[in-house]
Amino acid sequence: MFIKYDEIDLLEFFQSEPCFIGEKEAYECIYTYCNNNFKINFYVSAYEMYIDVSISYKGNTVFSEKYDSVSEIRKVDANTLNVITDNYNITILNKPQIGILVDSKQL
């Protein structure tokens with residue numbers, strides 16, 4: 001199994017190329033997006049099916065979390081990315097303001 005996502009969608013959302021960890025075929029990479037003094041770091045491990053997302057302001061981390069059991073990452077529009085896991089629906093925003101919304105799925 002692996003995370004289902006479109007590389008083009010992530011390139012468009014983060015507006016930059018990913019930085020691959022190890023060999024490209026391992027599908028472990030980091031996407032980065034900067035807006036003013038805010039920064040999103042988005043680590044994807046496609047085969048291990050997890051992401052690690054952090055938001056920082058002026059180099060200080062204000063949010064950091066790892067999410068396991070990620071099944072899909074999809075771009076909703078130019079400014080919104082949805083991450084689907086077994087336990088959470090995660091929305092990442094890049095404009096007009098960087099943000100992350102985490103909704104717990106009802107069990």
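Note: hydrogens, waters and symmetry copies are ignored here, and every other heavy atom, side chains too, is used.
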Practice task
Kindly work out whether a path of hydrophobic side-chain contacts (I/L/V/M/F/W/Y, heavy atoms less than 4.5 Å apart) joins Y50 to F63.
Solution key: no
Practice task
Could you state whether I21 and Y5 fall into the same hydrophobic cluster, counting links through intermediate Ile, Leu, Val, Met, Phe, Trp or Tyr residues with side-chain heavy atoms under 4.5 angstrom apart?
Solution key: no
Between [atom1] of [X] and [atom2] of [Y], what distance do you get to the nearest 0.5 Å?
X: Y33; Y: L10; atom1: OH; atom2: CG; answer: 14.5 Å
X: Q97; Y: N35; atom1: CD; atom2: CG; answer: 9.5 Å
X: K95; Y: L93; atom1: NZ; atom2: CG; answer: 12.5 Å
X: I92; Y: I55; atom1: CD1; atom2: CD1; answer: 7.5 Å
X: S54; Y: I100; atom1: OG; atom2: CD1; answer: 9.5 Å

Exercise for the section: Measure from the side-chain N and O atoms of N94 to the backbone N and O of F13, and report whether any donor-acceptor pair falls under 3.5 Å. Expected result: yes
Completion exercise
Of N82, V83, L101, V53, the one forming a side chain to side chain contact (heavy atoms under 4.5 Å, CB included) with I90 is V83
Practice task
Could you pull out all residues at least two apart from N37 that satisfy side-chain hydrogen bond (donor to acceptor under 3.5 Å, both in side chains)?
Solution key: none
Practice task
Report the residues that fulfil side-chain hydrogen bond (donor to acceptor under 3.5 Å, both in side chains) with T61, sequence neighbours left out, ordered by chain and then residue number.
Solution key: none
Exercise for the section: Please name all residues satisfying salt bridge (charged side-chain N to carboxylate O under 4.0 Å, His left out) with E48, sequence neighbours left out, ordered by chain then number. Expected result: none
Taking only distance into account, with no hydrogens and no angle test, what donor-acceptor pairs under 3.5 Å do side-chain atoms of residues 64-81 form with protein atoms, sequence neighbours excluded?
{"residue": "S71", "atom": "OG", "partner": "I84", "partner atom": "O", "Å": "3.3"}
{"residue": "E72", "atom": "OE1", "partner": "R74", "partner atom": "NH2", "Å": "3.2"}
{"residue": "E72", "atom": "OE2", "partner": "R74", "partner atom": "NE", "Å": "3.1"}
{"residue": "K75", "atom": "NZ", "partner": "E12", "partner atom": "OE1", "Å": "2.4"}
{"residue": "D77", "atom": "OD1", "partner": "N79", "partner atom": "N", "Å": "2.8"}
{"residue": "D77", "atom": "OD1", "partner": "T80", "partner atom": "N", "Å": "2.9"}
{"residue": "D77", "atom": "OD1", "partner": "T80", "partner atom": "OG1", "Å": "3.0"}

Compile the donor-acceptor pairs under 3.5 Å between side chains in residues 38-47 and protein atoms, sequence neighbours left out, one pair per line.
{"residue": "N41", "atom": "OD1", "partner": "T32", "partner atom": "OG1", "Å": "3.3"}
{"residue": "Y43", "atom": "OH", "partner": "E28", "partner atom": "OE1", "Å": "2.6"}

Fill in the blank from the handout: Heavy-atom closest pair (Y88 atom, V102 atom, distance to 0.1 Å) is CD2-CG1, 3.5 Å
Completion exercise
Heavy-atom nearest pair, S16 first then Y31, reads O-CD2, 4.2 Å
Problem - CZ (F20) with more than 12 external heavy atoms under 6.0 Å - result: yes
Problem - Heavy atoms of other groups near F14 CZ, more than 12 under 6.0 Å - result: yes
Problem - 4.5 Å side-chain heavy-atom contact, I3 and M49 - result: yes
